[in-house]
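Working notes, structure below.
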Amino acid sequence: MELVLTNQNYCFGRYAAALVAALVLAPRPASAQDTVPPSPPMSSTGLSGYMDLHYTKLEDQDGELDFHRFVLLVTHQFSDRIRFVSELELEHAFVEGLEEAGEVELEQAYLDFLLNRRFNLRAGMLLMPVGIVNERHEPPMYYGVERPMVDTVIIPTTWFEAGAGVHGEVGRGWRYRAYLTAPLNAARFSAEDGVRDGRQKGSRTNLGRAAVTGRLEYVGIRGLTAGTSFWTGKSGFEFRPRFDVPVHITEADVRYARNRFEGRAQLAQVAISGAGDLNDAVARTTGVNPNLPRTMRGGYAELSYRVVSGARFGDIGTFVRYEDVDTQARMPPGAVALPEFDRRFWVMGATYWPEPDIAIKVDYVHQTNKSSVIKAPNAFNIGIGWWF
Amino acid sequence: MTRVFLLLAGLGLASLTTGVAPSRAQSAGGGAKQTVDIIAERFSFTPSEVKTRTGTTLTIRLTSDDTAHGFRIIGSNVNVEIPKRSRGTTTVTFTPEKAGRYTFECSQLCGAGHSFMRGEIVVEDPK
C-alpha cells in the first residue's frame, strides 16, 4: 500500500511574532511515502500519571504508612510543533493550611515550541535539568522506596521553578538544556536539609536576578546516559538590606543499563559564597544561626541486577546503594561543622515488577553519621509505585 | 571526591568518540533496503539519528527497555506502539521519496521527560 502525504497546515497566528518567524523559517517535514497501513490520528490530549505508597519503619519508632505521591500528567498537542505538558502532584494525600499535612504542587506546566531537533524553546513551570532523578522520577524507574538522599538535600528533587529556556540535540545523542529561572531562596537553607527548603516552586517567585541552569548529556549508546549539570544564582533577595549570596550547584552523573544489569553514580556539590554573612543575616532575622556551610557535597553509587527477567509473573531485581552526604563539608571562618549532618547510607533491597509499570519495593537503610552523640536511625521500607 | 567528579565528567566526554552507528543491511533485487534497530527508553531513542537515501525501504525494528512508547514519524502515517519491556518488537517500514529531515517522536505519553523523546531520519539523494 502506498500513501502520498502532504505538508500539514500550521496555525501560528496566536503566538508572538518572534516565535512565528522562527517556526516558519524552521524546516518542515518533507513529503513522505511509506508502506505502513494508515494508523489512527494521534490524540491531541493525553492523560497519564503515577502514584507512590510507602510504609516506613524507623528504628525505635512506630511504622508510618503514607500515600506519598499522587500525580497526574495532562498534555495537549496544539500542532506538531507546539505542545503543552503539565504535571500536578498531591503529596501525602491530604492538604491543610501551611502545608503541615501535604502539598499540591504544579511541578510542570510548560509550552514547548519545537523548532527543529537542534534548537527548541520552552517556557512555563520547568523541571530543573539537574541530576538523574529530577527529570526521571517515575517510581518504577528507580530502585529503593525513597529517592537517594543526595537527590533530596543537595539536589532538591522534585525541583521545579518558573522560567524559560532552550533545549535540543546535537549530533547523535548529545542533548542540552539551558533555562533562566527563579533563584533559590538562601534564607530557607538549613544545615540538615541543605538547599531543599529554598525552592520557590513558582509561587509568586522573586525574579530580581534570574538563575541560570543547564545540562549537557550523552545518550548515544544504548543504555548509557552520562551527563553534567549546573545551576547558578544569587539567592539573598529576601534580606533587607539586600546582599548577594551567590550559590553554585554542579553535578555529574552516569547511568548504564544493559539486559539485567544497571549501574548508576552521581556526584553533586553546592557552593555558597558569603556563607558567614548569610548565617549572620539569618540569625538577625530569626534569632537562630542556621550554621550553613561554604560547601555541601554528596554522591552515591548503585548497582542492581534483575535476577528474574521476562518471566510470566514479572521481573525481580536486587540492588545495593552507597551514599555519602555532607551538608557541612566546608564551613565559613568561625563556624564549626555539625557532625550529625555528615551522613553515610547503605541501602539494599529488591523490586518486584509484576508488569513493567508496577513496582513493589522493599529495602533496608543502614545510616551512620560522624556524631558521637546523635544516633542516625536505620529504617525498613516497603513501597508500591505505578505508572499508567 | 573532586577526582571522582572529574572522572565521571571525563567518562561522559569519552563517550563522544564511541558512538554506535545503527546496523544496516542493503540487498540487491528491486529497491535498496536498509534495516535499523531502535531502542526506546525513558526518555530517548537509541540511535536518535538514522541516515538513509531516497527510495530506500527502511525497516525499523522498535523495542522498549521499560514502559510502552509510541513511534511516530511526523509528516507520514507511521504511528505505532512499542510494547513494554520483554513483550516483543514492533516493525515498521518507511520509504522516503524526497530528501530531507524527518522527525520521529514518542507518541505515547511516557513520563515527565516525554517531550525529549525525538530523533531524525536524515534522507539524502543517491550520489
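Computed from heavy atoms alone, side chains included, the values below leave out hydrogens, waters and symmetry copies. In what follows, chains are A, B, ... by sequence order, proteins preceding strands, each numbered from 1.
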B/Arg85 charged N/C atom sitting above A/Trp353 aromatic ring, 6.0 Å / 45° = no

task = Tell me, for B/Glu120 versus chain A, whether the close heavy atoms (under 4.5 Å) come from the side chain, the backbone, both or neither.
result = both

ask   = Side chain, backbone, both or neither: which part of B/Leu109 has a non-hydrogen atom closer than 4.5 Å to chain A?
value = both

Contact winner vs chain B - A/Glu217, A/His137, A/Glu87, A/Gln108, heavy-atom pairs under 4.5 Å = A/Gln108

Student check: side-chain heavy atoms of A/Asp80 and B/Arg72 closer than 4.5 Å = yes

ask   = What residue, out of A/Val85, A/Val71, A/Leu73, has the most heavy-atom pairs lying under 4.5 Å from chain B?
value = A/Leu73

remark   = Note: vs chain B, highest number of non-hydrogen pairs under 4.5 angstrom among A/His167, A/Glu107, A/Glu355 is A/Glu355

message = Within this structure, what is the CZ-CZ distance for the pair A/Arg117 and B/Arg101, rounded to the nearest 0.5 Å?
response = 7.5 Å

request  = Work out which heavy atom in A/Gly310 is nearest to a heavy atom in B/Ser86; give both atom names and the distance.
outcome  = CA-OG, 3.9 Å

From A/Arg222 atom CZ to B/Asp37 atom CG, the distance as rounded to the nearest 0.5 Å = 8.5 Å

B/Phe43 six-ring centre to A/Arg175 NZ/CZ under 6.0 Å and within 45° of normal = no

inquiry  = What I'd like to find out is whether the side chain of A/Pro356 reaches to under 4.5 Å of the side chain of B/Arg87, using heavy atoms alone.
reply    = yes

inquiry  = Can you give me the closest heavy-atom contact between B/Ala112 and A/Tyr110, atom names plus distance?
reply    = O-OH, 4.3 Å

key: Nearest-0.5 Å distance that lies between atom NE2 in B/His114 and atom CG in A/Asp112   = 10.0 Å

note = Of B/Leu58, B/Ile73, B/Asp65, the largest count of non-hydrogen pairs under 4.5 angstrom with chain A goes to B/Asp65

query = Should A/Glu138 and B/Thr67 be marked as a side chain to side chain contact (heavy atoms under 4.5 Å, CB included) after you check the CA-CA gap, both sets of side-chain angles, and the distance that decides it?
reply = CA-CA 11 Å; A/Glu138 292 75 13; B/Thr67 189; over 6 Å; no

key: Expected output: side-chain A/Arg172 to main-chain B/Pro47 donor-acceptor under 3.5 Å   = no

query = What part of A/Asn120 gets closer than 4.5 Å to chain B, counting heavy atoms only: side chain, backbone, both or neither?
reply = neither

query = How about A/Glu169 and B/Ser44: do any of their side-chain heavy atoms sit closer than 4.5 Å?
reply = no

message = Report which part of A/Tyr256 has an atom under 4.5 Å of a heavy atom belonging to chain B: side chain, backbone, both, or neither.
response = neither

